[in-house]
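Read through the structure below, which is laid out as structure tokens, and then see the notes.
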Amino acid sequence: MEVEPRRAGENDSAGSDSGEAEITRLCRTLVPLAAAGKYAEAASTYRWVTRASSGDPLRYGDHALRLEFCALTGNEHTGLDLLSLLDGVGDHSDAVGRLEFFASAALLTRRLTETGYGEIPFVLNGPYDGVPLSRLHERMRAAAFVEAEELDGREHTGYFTVYAERKMAAKPVAEFVALLPSALPRVPILPPPGLSAEELVVRAEIHNHRCEPEEARACLDAIESVPDEIAPRLSELRAIFFQGEDTEERLRDAAAGFRRQGDEIRFLLNQCWLGLWLVFDDQAETGVALTTVAAARLRAGTDERAACWGEYWLAHVLSGQGRASEAYEALRRGTERARSAGDPLLLGTLLCLEASLRNGDGEDPVTTLELARAATDAFIVGNVGEKAVEAVEQVRIAYERTGSLDELDVFVEHMLATLPVGGPERLRGHLRHLRALSLIGTGRFAEAVDDAYASLGVSASKGKDTAEHWYVLVTALHGAGRYDEVLDVAPRAIALLDASPDWGHRCRWMYADSYRALGESSRAFNEYAVLAEILHDSGDTGHSYISVSMAAAEQLDLLGYGANAADFYARAADAALAIGGGYVAATCRNAATLSRLRSGDVDAALSALDAAETAVHAVETETAPARDHLVAQLDHVAAHVLSAAGRVHEAARRALRAAETFHRIGEAESARDVDLLLEQILLGEQK
């Protein structure tokens with residue numbers, strides 16, 4: 001059974017047409033609100049319409065307005081999720097809706113291309129999967145004009161073509177509108193304008209060493225003409241950052257170029273990387289030999305930094321072949337020379353790799369902690385955020401291996417207190433993520449919310465937000481009772497958690513439970529029902545399935561669908577019985593009986609009562625108080641059903657017995673409920 005979702009703010013009696021009209025009206029206010037500087041109102045309206053539109057992919061005109069808003073308010077990457085709807089827009093019956101969506105998609109992809117993300121592949125499912133965003137822009141623009149020309153031909157006007165052109169050429173109305181608390185604008189990745197090809201190559205090399213691949217790719221994309229003197233460096237960088245079947249060929253071309261130029265250092269570093277590539281391309285013997293020889297020649301030279309990078313790549317190659325002690329020795333040599341060179345980035349890189357290898361090999365966690373903490377300090381000095389996060393992760397792993405989570409908390413607090421102003425924000429955000437996890441683990445959900453929001457904001461600004469960031473935020477908000485905010489962020493978390501079913505199921509449950517807590521029974525039921533189906537189809541019909549089915553039944557009862565609620569209770573009872581949960585099964589049978597009665601079908605309720613009697617009397621393993629409670633519950637249910645069936649004497653007897661039992665076991669509130677029922681039954685009998 002599918003219950004029509006109730007839109008937030010609607011009365012249950014409101015028609016769906018008026019609800020859809022309200023969504024469309026509000027979607028049309030998004031860009032004007034932002035243009036007027038009413039950012040908070042625009043953001044809250046966007047969240048409302050997003051929530052109200054969930055599960056309805058057919059209103060492409062509304063989705064187009066949301067796309068346009070994202071494109072014009074610095075939220076281009078949020079709008080990317082909406083492009084998943086491209087899978088069905090071509091078959092949509094409304095030509096104007098198709099035009100609107102294609103034009104807005106062209107606008108969004110144009111903005112993404114202008115901000116340096118044109119070569120990023122579109123990775124959502126559908127017919128355009130894997131297409132670079134710049135190419136997707138061209139396709140969307142062409143599709144919009146096709147729709148416009150068809151409409152103009154039908155109407156004998158040029159209006160739609162002009163409209164599409166104007167929409168696709170729109171300029172931003174705001175630099176950034178924060179859609180969630182602590183949200184930050186996307187960190188720009190484009191290099192400054194006017195740089196020469198050589199300057200762009202140098203910047204790409206720096207980004208490479210700092211573990212900033214998107215920034216490096218943006219520099220490489222900005223190079224148009226390639227002077228001969230930098231061609232080998234450019235070929236090598238493109239091989240590294242745009243890997244594919246021709247990677248080895250590009251690396252060898254770069255090596256030949258370095259040789260022609262007499263650049264021995266670059267040639268040897270190239271050979272180190274080529275060796276690593278060959279190892280992971282199932283050419284281990286050749287790759288190991290290549291990197292070993294190149295690293296040895298760099299070691300014998302006078303270029304300290306080059307020698308350090310040679311040891312770094314050699315350690316990578318050796319560790320991949322299980323030669324851990326040799327890898328550690330290479331890193332020791334490199335670390336000594338990095339200290340002499342006074343390069344914090346290089347020193348931290350070597351220390352962090354060793355910490356990572358030792359954590360992976362199960363080596364002494366105390367030594368590993370020292371290495372990882374020293375790497376963190378080096379990266380802070382060098383203000384290298386991405387690598388600092390990697391180093392702190394090695395610290396976390398080492399503390400977890402020692403079972404010293406309290407010490408991890410102390411480390412995190414110390415780092416947050418001492419991290420300098422202007423230090424790596426990515427590191428600060430990650431530390432707040434770790435603190436949020438700790439607070440959640442100790443039940444301090446309200447305290448965790450600000451950290452979870454801030455961590456997500458910093459990570460998302462760099463495109464580094466993960467399913468874990470979103471899951472932690474949902475968990476903190478739900479635990480803090482901030483249910484309305486859960487509804488804003490849970491759908492994104494759920495979409496990201498496909499590969500993590502345990503977290504995904506938990507997140508879906510929190511999403512449904514938030515609707516329940518807010519009194520949105522229709523939506524709560526739908527979400528519970530979806531989760532129950534997912535669990536059932538995956539073969540997980542244990543405790544989670546039982547709890548979710550019972551929750552779905554409760555919402556159906558509130559909505560007045562008693563017969564359907566009884567079906568859900570019955571499924572939960574069968575599942576409970578299958579895993580030996582006779583007590584839970586009996587409780588579900590009692591609830592199913594009342595649901596049948598609420599539906600007005602007394603005969604069905606009597607049949608359900610028979611099943612409940614059997615289930616309750618089959619329970620033998622529980623303690624006496626638990627059994628007494630269950631029997632009293634059954635008597636209470638029976639009194640309701642028998643009274644409705646006109647069997648007043650039996651109903652009174654069962655009610656009296658239930659009241660006596662509840663009084664005896666100290667459940668005064670339940671006893672009062674039964675006393676009231678008994679009074680009503682007796683009054684009915686006197687009539």
- [ ] Return the minimal non-hydrogen interatomic distance between V619 and G582, and the atom names on each side.
- [x] CG2-O, 3.5 Å
Open item on the list: Would you say that E393 contacts L434 through its side chain, given a criterion of any heavy-atom pair below 4.5 Å between the two side chains?
Closed with: yes
Open item on the list: Quick test of your reading of the model: are E520 and R523 salt-bridged, counting only N-O distances below 4.0 Å?
Closed with: no
Open item on the list: Treating R47 as the side-chain partner and L179 as the backbone partner, does any N or O pair qualify as donor plus acceptor under 3.5 Å?
Closed with: yes
Task: Spacing of CZ belonging to R482 relative to CG belonging to L473, to within rounding of 0.5 Å - done: 9.0 Å
Task: Side chain H536, main chain A532, donor-acceptor under 3.5 Å - done: no
Task: Any D675 side-chain heavy atom under 4.5 Å of H663 side chain - done: yes
TODO: Report yes if the side chains of L676 and Q680 come closer than 4.5 Å at any heavy-atom pair, otherwise no.
DONE: yes
Open item on the list: Rounded to the nearest 0.5 Å, what separates atom CG in D673 from atom CD in E667?
Closed with: 11.0 Å
TODO: Carefully, step by step, assess N75 and T73 under the rule side-chain hydrogen bond (donor to acceptor under 3.5 Å, both in side chains).
DONE: CA-CA 6 Å; N75 287 287; T73 59; 3.1 Å; yes
- [ ] I would like to know whether Y569 and T587 meet side chain to side chain contact (heavy atoms under 4.5 Å, CB included); could you show each step before the answer?
- [x] CA-CA 9 Å; Y569 278 126; T587 300; over 6 Å; no
TODO: Kindly say whether H640 contributes a backbone atom to a donor-acceptor pair with the side chain of S643 at under 3.5 angstrom?
DONE: no
Task: From T45 atom OG1 to R25 atom CZ, the distance as rounded to the nearest 0.5 Å - done: 8.5 Å
Open item on the list: Assess, by modelled atom type and distance only, whether the side chains of D601 and S599 contain a donor and an acceptor separated by less than 3.5 Å.
Closed with: no
- [ ] Determine the minimum heavy-atom distance between A480 and F445, stating which atoms define it.
- [x] N-CB, 3.6 Å
- [ ] Step by step, work out the side chain to side chain contact (heavy atoms under 4.5 Å, CB included) result for L65 and V49.
- [x] CA-CA 11 Å; L65 290 166; V49 297; over 6 Å; no
Task: Ion pair D484/R51, N-O distance below 4.0 Å - done: yes
Task: Spatial distance of atom CG (L531) from atom CZ (R506) [nearest 0.5 Å] - done: 11.0 Å
- [ ] Answer whether the closest heavy-atom distance between the side chains of L477 and Y453 falls below 4.5 Å.
- [x] yes
Task: Exam field: side chain S53 to backbone T50, donor-acceptor pair closer than 3.5 Å - done: no
Task: Non-hydrogen side-chain atoms of M550 and F568 separated by less than 4.5 Å - done: no
- [ ] Could you tell me the separation between the CG atom of D81 and the CG atom of L85, rounded to the nearest 0.5 Å?
- [x] 10.0 Å
TODO: Identify which one of L107, L83, L72 satisfies the side chain to side chain contact (heavy atoms under 4.5 Å, CB included) criterion when paired with L67.
DONE: L83
Task: Shortest non-hydrogen contact from D465 toward A460 - done: OD1-CA, 3.5 Å
Open item on the list: Treating S104 as the side-chain partner and F101 as the backbone partner, does any N or O pair qualify as donor plus acceptor under 3.5 Å?
Closed with: no
- [ ] Side-chain contact test, heavy atoms from C-beta onward, threshold under 4.5 Å: evaluate it for L634 versus H617 and give yes or no.
- [x] yes
Open item on the list: Show, in sequence, the C-alpha distance, side-chain angles and deciding distance for L556 and D567, and conclude whether the side chain to side chain contact (heavy atoms under 4.5 Å, CB included) test is met.
Closed with: CA-CA 10 Å; L556 284 171; D567 289 340; over 6 Å; no
Task: Spacing of L559 atom CG and N564 atom CG [to the nearest 0.5 Å] - done: 10.0 Å
Task: Identified side-chain hydrogen bond (donor to acceptor under 3.5 Å, both in side chains) counterpart of T466 within the set K464, E468, H469 - done: H469
Task: Donor-acceptor under 3.5 Å (D62 side chain, C27 main chain) - done: no
- [ ] Using modelled atom types only, decide if a donor and an acceptor are shared between the side chain of S549 and the backbone of I546 within a distance under 3.5 Å.
- [x] no
Task: Residue pair V474 / C507: nearest heavy atoms and the distance that separates them - done: CG1-SG, 3.9 Å
Open item on the list: Check this for me: H77, atom NE2, are more than 12 non-hydrogen atoms of other residues, nucleotides or ligands nearer than 6.0 Å?
Closed with: yes
Task: Heavy-atom donor-acceptor pair, S455 side chain to G429 backbone, under 3.5 Å - done: yes
Task: Y46 side chain reached by R66 side chain, heavy atoms, under 4.5 Å - done: yes
- [ ] Mark yes or no for whether T593, through its side chain, and R589, through its backbone, hold a donor-acceptor pair below 3.5 Å.
- [x] yes
Task: CD/E400: more than 12 non-hydrogen atoms of other groups inside 6.0 Å - done: yes
Task: Contact summary for V449 and A476, nearest pair of heavy atoms - done: CG2-O, 3.7 Å
- [ ] Look only at the side chain of S44 and the backbone of E41, and say whether a donor-acceptor pair between them is shorter than 3.5 Å.
- [x] yes
Task: Pairwise side-chain contact, N590 with L594, heavy-atom cut-off 4.5 Å (strictly under) - done: no
Task: Cationic N near anionic O, under 4.0 Å, D513 to R508 - done: no
Task: Nearest atoms (heavy-atom pairs only) where A592 meets A566 - done: O-CB, 3.6 Å
- [ ] Go through the steps for L431 and R435 under the test side chain to side chain contact (heavy atoms under 4.5 Å, CB included), then give the verdict.
- [x] CA-CA 6 Å; L431 291 167; R435 186 166 67 182; over 6 Å; no
Open item on the list: Cation-pi check for Y399 against R396: NZ or CZ below 6.0 Å from the six-membered ring centre and within 45 degrees of the axis, yes or no?
Closed with: no
